[in-house]
Amino acid sequence: MSPKPVVTRFAPSPTGYLHIGGGRTALFNWLYARGRGGKFLLRIEDTDRERSTPEATAAILKGLTWLGLDWDGDVVSQFEMKDRHAEVAREMLAKGAAYKCFSTQEEIEAFREAARAEGRSTLFQSPWRDADPSTHPDAPYVIRMRAPREGETVIEDAVQGTVRFGNDQLDDMVCLRSDGTPTYMLAVVVDDHDMGVTHVIRGDDHLNNAARQTMVYQAMGWDIPVWAHIPLIHGPDGKKLSKRHGAVGIEEYQVMGYPAAGMRNYLTRLGWAHGDAEFFTTEQAKEWFDLPGIGRAPARLDFKKLENLCGQHIAAMEDAALLHEILAYLEAAGKPALTDLQQDRLGRGLYCLKDRAKTFPELIEKAEFALASRPLVADEAAAKALDTVSRSILSELTPRLRGATWSKEDLETILTETATAHGLGFGKLAAPLRAALAGRTVTPSVYDMMLVLGQDETIARLEDAAA
RNA sequence: GGCCCGUUCGUCUAUCGGUUAGGACACCAGGUUUUCAACCUGGUAAGAGGGGUUCGACUCCCCUACGGGCUGCCA
């Protein structure tokens, strides 16, 4: 048992939608905390006032909510903590762990130009690092970290292992901008410390940053959290995620009709493994999820596998929860709301629909029989099944159906006898029946449709088709 | 350029010095069938390349190649 309770956080910057990679990072943090009775916090990294928007924040919250990731406490705005950040910067100044740098952007740029030209390191070396305060001009300045120039900074990463950085590779990063606002490098450390974050699980694009941030922890004498830098997700082509493939906002996946449980399962499994476990519940994921199980290589998105898992989750869901999520999907996708009758029929029909669909649109397509109202308009393929001969068989069928008890056994008897009487295989009879009942060729079994529709509606539809 | 990370079937991965390198998705063939989905049986398919270390390397070390990241008063 760990002495400290686990506290993780997800800290997106509100400069765009929450894409699938961010969603997975959030999910990993959530699973880790929730599986250990810890806390999962949410902090919006909005210190970049130029690029941060409230719309992006709203989209992120919406995406997390859809994914089913709940956070503890209020959402923290990093920007609102700016006074605290400045306070820490001044404290570092007082300790000699930081210094005022009066170099202008132009001077820094010139330094880099020259360094590049001479083939030296372009890491900026401020002339103010060791300047006597009495020489300080009355001009804007930034506060820079006084980073050690010798030795190395070592980070122990739960995913990447021990990673060493020569301190000559790390520059004196800016902690406080000349306008007094904090930079990300300072703000993350201060906030993570203040919020009591024990485990930092984030994209490995931050691996290098961890070394810099370690210096701040050390300067302030704070405990360093457990680092876990996870590989990024790539598109199906192995390239960085782009708009073309998968980099859309995570809520787009709801619009595409993937159930959240399937999404969680897939995302958890992407880059993490628990032996041969492929299909599992969120409860199991919470129980099993750990840091050593995370892989070190970037993983590609595979929609086929996503669909496969989603299909399994749809089949495994309770009818009530499934119906609820389907209704939410319809709304998110901008489809018309269902009437009470449609909801009722869909709900009662789920038992025979949910094991034949991988996504909600697919399920809805197969649920046409339950959603449509008379008179049905058969689609092209279905219309072909309703030829003259077939229609006459249907009209011959209805009187028998009127006398049926409407048990599955009874219906089976009637239909197989009818088929046999005409020297037909059951399939030959099922096709026009299916067309009459659903107006489609892709549906649940004809028996199930009859059961869901009930005797009156079934007979009415058959009469419509036979007419 | 410098620094850092990565590389097992098409894809996600298991393996944590000794396995006929396993599973899942996808794919192919056959079976079943009331359309779809599913299901059953079988099959194709992998350790980037080169050096070491070792009785023995996918596993450890080095080099190369190829990907990726960082190198901002962005996060």
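Computed from a prediction, not measured in an experiment: that's the story for all the values here. Here is how names work: the chains are called A, B, and so on, in the same order as the sequence lines, proteins then strands, and each is numbered from 1.
Annotation: side chain of R144(A) is not in contact with side chain of M173(A) (no heavy-atom distance under 4.5 Å). Side-chain atoms of P12(A) and L42(A), non-hydrogen and from C-beta on, do get closer than 4.5 Å to each other.
Using a 4.0 Å heavy-atom criterion, one finds that V174(A) contacts the sugar-phosphate atoms exclusively. When heavy atoms are screened at a 4.0 angstrom cut-off, F426(A) is found touching base atoms of the nucleic acid. When heavy atoms are screened at a 4.0 angstrom cut-off, K366(A) is found touching base atoms of the nucleic acid. Nucleic acid contact class of N209(A) (heavy atoms, under 4.0 Å, all strands): base. Using a 4.0 Å heavy-atom criterion, one finds that H229(A) contacts no nucleic acid atom at all. Nucleic acid contact for R51(A): base, since at least one base atom lies under 4.0 Å from a heavy atom of the residue. At the heavy-atom level, V446(A) lies under 4.0 Å from base atoms of the strands shown. No engagement by E365(A) is indicated, since no non-hydrogen atom pair under 4.0 Å with the nucleic acid exists.
Note on E362(A) versus R356(A): no salt bridge recorded, every NZ/NE/NH1/NH2 to OD/OE distance being 4.0 Å or above.
Phosphate contact (OP1/OP2 of G72(B), side-chain N/O of R112(A), threshold under 4.0 Å): present. For A38(B), the OP1/OP2 oxygens have a side-chain nitrogen or oxygen of K358(A) closer than 4.0 Å. Residue T47(A) places at least one side-chain N or O under 4.0 Å from the OP1 or OP2 atom of A75(B).
Within 6.0 Å of NZ on K286(A) lie more than 12 heavy atoms contributed by other residues, nucleotides or ligands.
No side-chain N or O of N209(A) forms a donor-acceptor pair with one of Y184(A) less than 3.5 Å apart. With hydrogens and angles left out, the side-chain atoms of T413(A) and D410(A) include no donor and acceptor closer than 3.5 Å. Under 3.5 Å, the side chains of S77(A) and D46(A) contain a donor-acceptor pair of N or O atoms.
Taking atom C1' on both A38(B) and A48(B), the two are 39 Å apart, rounded to the nearest angstrom. For G22(B) and C36(B), the C1' atoms lie 33 Å apart once the distance is rounded to whole Å. U59(B) and C70(B) are spaced 29 Å apart, taking the C1' atom of each and rounding to whole Å. For the C1' atoms, the distance linking U11(B) with G1(B) amounts to 35 Å, nearest Å. Nucleotides G49(B) and G10(B) have their P atoms positioned 13 Å apart, rounded to a whole Å. Across C66(B) and C61(B), the matching P atoms stand 22 Å from one another, rounded to whole Å.
Distance D205(A) CG to C70(B) P: 6 Å, rounded to the nearest Å.
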Atom pairs, N/O to N/O, protein against nucleotides 13-16 of chain B, distance under 3.5 Å?
from	atom 1	to	atom 2	distance (Å)
U13(B)	OP1	G271(A)	N	2.6
U13(B)	O2'	R269(A)	NH2	3.3

